[in-house]
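Residue numbers begin at 1 in each chain, while the letters A, B, ... track the order of the sequences.
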Protein chains: 2
Amino acid sequence: MSETGAISIDKIRGFLESKGVKPSFQRLKILEYLLKHRNHPSVDTIFQALGDDIPTLSKTTVYNTLSLFTQKGIVASLTVVNNELRYDVLKDPHAHFQCAICSRLYDIPLKNDLFQTDFIEDHQVEDIQVTFKGVCKNCLKSRNVLDKTS
Amino acid sequence: MSETGAISIDKIRGFLESKGVKPSFQRLKILEYLLKHRNHPSVDTIFQALGDDIPTLSKTTVYNTLSLFTQKGIVASLTVVNNELRYDVLKDPHAHFQCAICSRLYDIPLKNDLFQTDFIEDHQVEDIQVTFKGVCKNCLKSRNVLDKTS
DNA sequence: GTATCTGCAAAACATTTGCAATTCT
DNA sequence: AGAATTGCAAATGTTTTGCAGATAC
């Protein structure tokens with residue numbers, strides 16, 4: 001497993017405090033999880049994953065914490081997959097690619113300057129979400145295998 | 001009310017048949033509604049609106065029909081607003097602008113050629129959704145009024 | 001007459017809300 | 001003790017499923 005975002009609990013605590021959020025154990029663990037797993041987890045995924053560390057954890061707390069984080073600009077809830085909220089730690093603006101087959105979400109860097117606009121058609125733009133849908137490289141590979149064998 | 005897409009029932013019937021969908025009364029009415037109201041209605045909106053024409057209509061049928069249409073590539077379900085599915089008749093690729101205040105959805109034409117790509121990072125792209133979020137011109141106006149009076 | 005389509009009722013989910021118990025200082 | 005946080009249980013809202021009745025060819 002990739003441990004890309006291995007950040008110390010102390011740094012996370014400091015970060016939360018700097019954002020005006022009291023760093024409770026639950027909040028620390030949830031943010032740590034989000035930083036470690038950059039695959040846009042759902043509330044349920046987070047809840048399941050933290051169950052081992054925090055046996056008394058309630059799903060309500062996960063909901064509460066994520067909406068607090070959203071308010072404070074720490075995470076963003078994004079384009080819904082299968083009617084459930086997915087969360088993303090805020091970082092450089094990027095697009096998402098969602099596979100129609102395995103429904104995995106990938107991050108796509110956005111180099112294009114289309115997204116520098118502050119106004120479109122008199123509307124004031126504050127956020128941009130770009131989602132590509134299609135078949136991801138993994139599923140393309142499996143599909144090719146099938147094509148060959150059939 | 002704008003009646004932009006006034007298309008005859010016969011044309012709609014022919015279109016459905018060409019897509020391999022049997023043109024039942026319910027299906028005709030639902031597609032007619034989608035063509036006439038290009039404001040990304042929710043299942044409930046469609047259900048309410050057609051209640052007059054089809055008193056026996058069931059919400060299940062609206063769900064069934066829309067997922068059939070989605071399968072057949074006639075409509076696309078899109079980025080969820082307030083956790084409900086919204087539907088769009090397929091037409092030229094375009095972006096959406098969602099107002100954070102009144103939560104209205106606007107269509108934004110996409111002229112940029114960023115979206116001609118068939119592949120990004122080895123993924124095969126079949127659909128692109130671009131959603132801008134912010135404050136729409138109407139709400140900007142009201143906000144300005146408030147600013148002046150306060 | 002058989003396939004398909006429709007629609008009611010119930011079930012399955014995700015999310016929110018009310019409130020009591022817990023924790024922190 | 002007082003304020004904030006947590007978590008259970010119930011409520012809400014959307015979507016799905018099972019199945020019986022209606023409809024179409």
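Judged by Watson-Crick or G-U wobble contacts below 3.5 Å, the nucleotide C:dA9 has D:dT17 as its partner. Pair assignment for D:dG2: C:dC24, on the basis of Watson-Crick or G-U wobble contacts that are both within less than 3.5 Å.
In this structure, CG of B:Leu57 is placed 15 Å from C1' of D:dA22, rounded to the nearest angstrom. Across the protein-nucleic acid pair, A:Ile54 atom CD1 and D:dT6 atom C1' stand 11 Å apart, rounded to whole Å. A:Ile46 has its CD1 atom 13 Å from the P atom of C:dA14, to the nearest Å. A:Phe25 places its CZ atom 18 Å from the C1' atom of D:dA4, with the value rounded to the nearest Å. Taking atom NZ on A:Lys29 and atom C1' on D:dT5, their separation rounds to 18 Å, with Å as the unit. Distance A:Lys59 NZ to D:dG7 C1': 13 Å, rounded to the nearest Å. A straight line from CZ of A:Phe69 to P of D:dT5 spans 11 Å, rounded to a whole angstrom. Put simply, CG on B:Asn64 is 13 Å from P on D:dG18, counting in whole angstrom units.
Listed nucleotides: D:dT15, D:dG7, C:dC8. Nearest to the side chain of A:Thr60: D:dG7. In the set C:dC5, D:dG7, D:dT15, D:dT15 carries the atom at the smallest distance from any side-chain atom of B:Val43. Checked against D:dA4, D:dT6, C:dT6, the side chain of A:Arg27 finds its nearest nucleotide in D:dT6.
Taking only side-chain nitrogens and oxygens, B:Gln26 comes nearer than 4.0 Å to OP1 or OP2 of C:dG7. At D:dT15, one or more side-chain N or O atoms of B:Tyr63 fall inside 4.0 Å of OP1 or OP2 (strictly under the cut-off). Using a 4.0 Å cut-off, no side-chain N or O of A:Ser24 falls inside it from OP1 or OP2 of D:dT5. Not one side-chain nitrogen or oxygen of B:Ser58 sits closer than 4.0 Å to the OP1 or OP2 atom of C:dT6. For A:Thr61 and D:dG7, the shortest distance from a side-chain N or O to OP1 or OP2 is below 4.0 Å.
A donor-acceptor pair is defined here as one N or O able to donate and one able to accept, closer than 3.5 Å; no such pair exists between the side chain of A:Arg27 and the backbone of A:Thr65.
At the heavy-atom level, B:Ser42 lies nowhere under 4.0 Å from the strands shown.
Taking each heavy atom of A:Phe25 and A:Asp53 in turn, the nearest pair found is CE2-O, 4.5 Å. Of all heavy-atom pairs spanning A:Leu57 and A:Phe47, the tightest one is O-CE1, 3.4 Å. The minimum heavy-atom distance between B:Ile46 and B:Pro41, with the atom names listed, is CG1-CB, 3.8 Å. Scanning both residues, B:Leu66 and B:Val75, for their nearest heavy atoms gives O-CG2, 4.0 Å.
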